[in-house]
Amino acid sequence: MADQQSWDKRVQPALYRILDANLDRAREGLRIIEEWCRFGLDSAELAEECKQLRQELAHWHTMKLRLSRDTPGDLGTELTHPQEEKREGIDSVLQANFCRVEEALRVLEEYGKIYHPDMGVSFKQMRYRVYTLESRLLAYQRYQLLDDAYLYLVTSPSDKMFSIVEAALQGGLKLVQYRDKQNDDEIRLQNAEKLCELCHRYNALFIMNDRVDLAIASNADGVHLGQKDIPISLARQLLGPQRIIGRSTTNPQEMEKAIAQGADYIGVGPVYATPTKADKPAAGLDYVRHAAQNCTIPWFAIGGIDMNNFDDVMSVGGERIAVVRAIMEAEQPTLVTQYFLSQLTRVQTLRAYNILPNPSSN
Ligand SMILES: Cc1ncc(COP(=O)(O)OP(=O)(O)O)c(N)n1
Ligand SMILES: Cc1ncsc1CCOP(=O)(O)O
Ligand SMILES: [Mg+2]
C-alpha cells in the first residue's frame, strides 16, 4: 500500500517527466538533423529516415506523458553548458545533435522498461538506427564533397606546410592530401591530425597518402594508394564503406582495374614529367584524353600541372586537377587556388553550354 502511494505520488510523475523530456529532446535533435539532410544535402532518403524516426517517437509521446510536463519547475531548463552556446560549423551542429538524440534514446530505453514492456526494445532498435543514420550521413557528406572537388592539393614537405594549406583552404580548396615520405610515423601522425582538423574546419576533405593505419588514426576522410601500396579490397575492409579510397593510375589498364576494384577516384598521370615524382615517366596528354572519354568515377589529372599548361590539360578533356608545386611553392597560395578554381568552373560552364566540346561525348 505504502509502495503504491509512493509510486503514485513520486515515482510515476518523475518517470513521466523523464520520458516526456527525453522524447522531446530526441524529436528536436532529429528535426535539426533532418533539416540539414533535406536542405543542405538534398537527400530525400536520409530526410525520410529522420522523419520516420520522429514519427515513431511521436507514437510513444502520448498525451499522458505530455501532461506531466512542468516547464517552470524543471531545473534543467536553466542549465546551459558553455559548449551549447557555440557551434563551429555544420559538423559540430550535427555531432552535438546526434549525441543529444543518442543520449535521449538511451534514457528512454532504460526508463521505458518500467513504463511499457515494449519500450526498452523499441528504443534500443531506434538507437541503432540513429547510429546507422549518423554513418550514412557522414559518408554521404564525404562523397558529395568529393564530387564537388575539382582541385586537389597534394602537400610536399615545408616549414610552412600548415600556413600554405590554410591559405589554399581560404581560397576555397576542398580536397587535401598529406604526402610525406620523410618524417617518422610519430610526426606524420601529429601532422596528419593537425591537417585533418584544419581541413574539417574549412569543410574540406583530408586524405592520407599511402597509409591506411595513419588514415584511421588521424580520422582522415580517406587514403590515396599507389600501384605498389596495399590492394583496394584490403583497404576497403579496413576503412569500411564510409571512407574514400583513391588510386594512382598511369595507363588505361590500371584505370579499369582501379574502377573494378572499387576506387572512389583515381589520379591520372604524371601528365608531364615532374621533379616531385622524378622516378615516374610522363603518361602524357593521350592518357588524359582516354580518361576523359572512359573514366566513370572522379579523376584528377596530376603531374607538372601549372597555370601555364592548364589550358592544354583542359583541351584534351581534363576536368579536375591535382597539384603539388603549383600551390605549395606559390608566393600567394590563396590567389593561385582561386585562379585554378575559377578556371575549372569556367571550363565546366563552357562545356555545359557546349561552347567547349564535351570530352565524354566524343
Ligand atoms: C591524386 C594523386 N594521384 C597520384 C598520386 C601518386 O601516388 P603514388 O603513385 O602512390 O606515389 P606517391 O604519391 O606515394 O609518391 C598521388 N599521391 N595523388
Ligand atoms: C605525386 C605525384 N604522382 C604523380 S605526379 C605527382 C607529383 C605532382 O607534383 P607536381 O604538381 O609538383 O608536378
Ligand atoms: Mg603512394
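Remember, it's 1-based here, ligands and their atoms both numbered in the order they're listed. All values below come from the heavy atoms of this structure, side chains included, with hydrogens, waters and symmetry mates left out. No experiment lies behind these values; they were computed from the predicted model shown.
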Identity and separation of the nearest protein heavy atom to atom 2 (C) of ligand 1: His224 CE1, 3.3 Å

Which atoms of ligand 2 are found less than 4.0 Å from any heavy atom of Val323? 11 (O)

Identify the protein heavy atom lying closest to atom 10 (O) of ligand 1, giving its residue, its atom name and the separation to 0.1 Å. Gly226 CA, 3.0 Å

Atoms of ligand 1 less than 4.0 Å from Gly267 heavy atoms? 3 (N)

Ligand 2 contact by Arg179, heavy-atom criterion under 4.0 angstrom: yes

Would you kindly specify which portion of Asp229 sits under 4.0 Å from ligand 1, judged on non-hydrogen atoms: side chain, backbone, both or neither? side chain

Looking only at distance, does Tyr265 have an N or O less than 3.5 Å from an N or O of ligand 1? no

Distance under 4.0 Å to a non-hydrogen atom of Lys277: what atoms of ligand 2 satisfy this? 2 (C), 3 (N), 6 (C)

Do Arg325 and ligand 2 have an N or O pair less than 3.5 Å apart? yes

For residues Tyr150 and Phe300, establish whether the separation of their ring centroids is below 6.0 Å. no

Any non-hydrogen atom of Phe300 lying under 4.0 Å from ligand 1? no

Salt bridge check: are Asp210 and Arg188 linked by an N-O gap of less than 4.0 Å? no

Is Thr274 touching ligand 2 with its side chain, its backbone, both, or neither, if touching means heavy atoms under 4.0 Å apart? side chain

Hydrophobic cluster membership, with links at side-chain heavy-atom distances under 4.5 Å among I/L/V/M/F/W/Y: are Val324 and Leu198 in one? yes

Please give the atom name: the N, O or S atom of Asp210 nearest to the Mg ion (ligand 3). OD1

Taking everything shown except Gln95 itself, do over 12 heavy atoms lie less than 6.0 Å from its CD? no

Classify the ring geometry between Phe340 and Phe310 as parallel (under 30°), tilted (30 to 60°) or perpendicular (over 60°). tilted

Quick one: nearest non-hydrogen protein atom to atom 5 (S) of ligand 2, plus distance? Gly303 CA, 3.6 Å

Check the orientation of Tyr287 and His290. Use parallel for under 30°, tilted for 30 to 60°, and perpendicular for over 60°. parallel

Inspect the contact between Glu34 and Lys51 and indicate whether a charged nitrogen and a carboxylate oxygen are less than 4.0 angstrom apart. no

Inspect the contact between Glu49 and Arg54 and indicate whether a charged nitrogen and a carboxylate oxygen are less than 4.0 angstrom apart. no

Okay, side chain of Thr249, backbone of Glu254: is any donor-acceptor separation there less than 3.5 Å? no

Which residue supplies the protein heavy atom nearest to atom 11 (O) of ligand 1, what is that atom called, and how far is it? Lys277 NZ, 3.0 Å

Atoms of ligand 1, numbered as shown, that sit under 4.0 Å from any heavy atom of Lys280: 9 (O)

Check contact between Ala326 and ligand 2, using heavy atoms of the residue and a distance below 4.0 angstrom. no

May I ask you to identify the nearest protein heavy atom to atom 1 (C) of ligand 1, giving residue, atom name and distance to one decimal place in Å? Tyr152 CE1, 3.5 Å

In terms of atom number and element, which parts of ligand 1 are under 4.0 angstrom from non-hydrogen atoms of Asp210? 10 (O), 14 (O)

Could you tell me the residue and atom name of the protein heavy atom closest to atom 8 (P) of ligand 1, and the distance to it rounded to 0.1 Å? Ser248 OG, 3.3 Å

Just by modelled atom types, is the Ile244 backbone N or O under 3.5 Å from a matching donor or acceptor in the Arg142 side chain? no

Among all protein heavy atoms in this structure, tell me which lies nearest to atom 2 (C) of ligand 2, with the distance rounded to 0.1 Å. Ile302 CD1, 3.7 Å

Is the closest side-chain donor-acceptor distance between Tyr140 and Glu45 under 3.5 Å? no

Among Arg179, Gln227, Lys181, closest by heavy atom to atom 14 (O) of ligand 1 is Lys181

For atom 11 (O) of ligand 2, state which one of Val154, Val324, Ile327 supplies the nearest heavy atom. Val324

Donor-acceptor check, side chain of Asn97 to backbone of Ile33, threshold 3.5 angstrom: yes or no? no

Best match, Thr276, Asn209, Thr249: closest heavy atom to atom 12 (O) of ligand 2: Thr276

Hey, does Gln177 come in under 3.5 Å of ligand 1, counting only N/O atoms on both sides? yes

Is a salt bridge present between Arg66 and Asp24, judged by a nitrogen-to-oxygen distance below 4.0 Å? no

Going by an N to O cut-off under 4.0 Å, is there a salt bridge joining Arg127 and Glu102? no

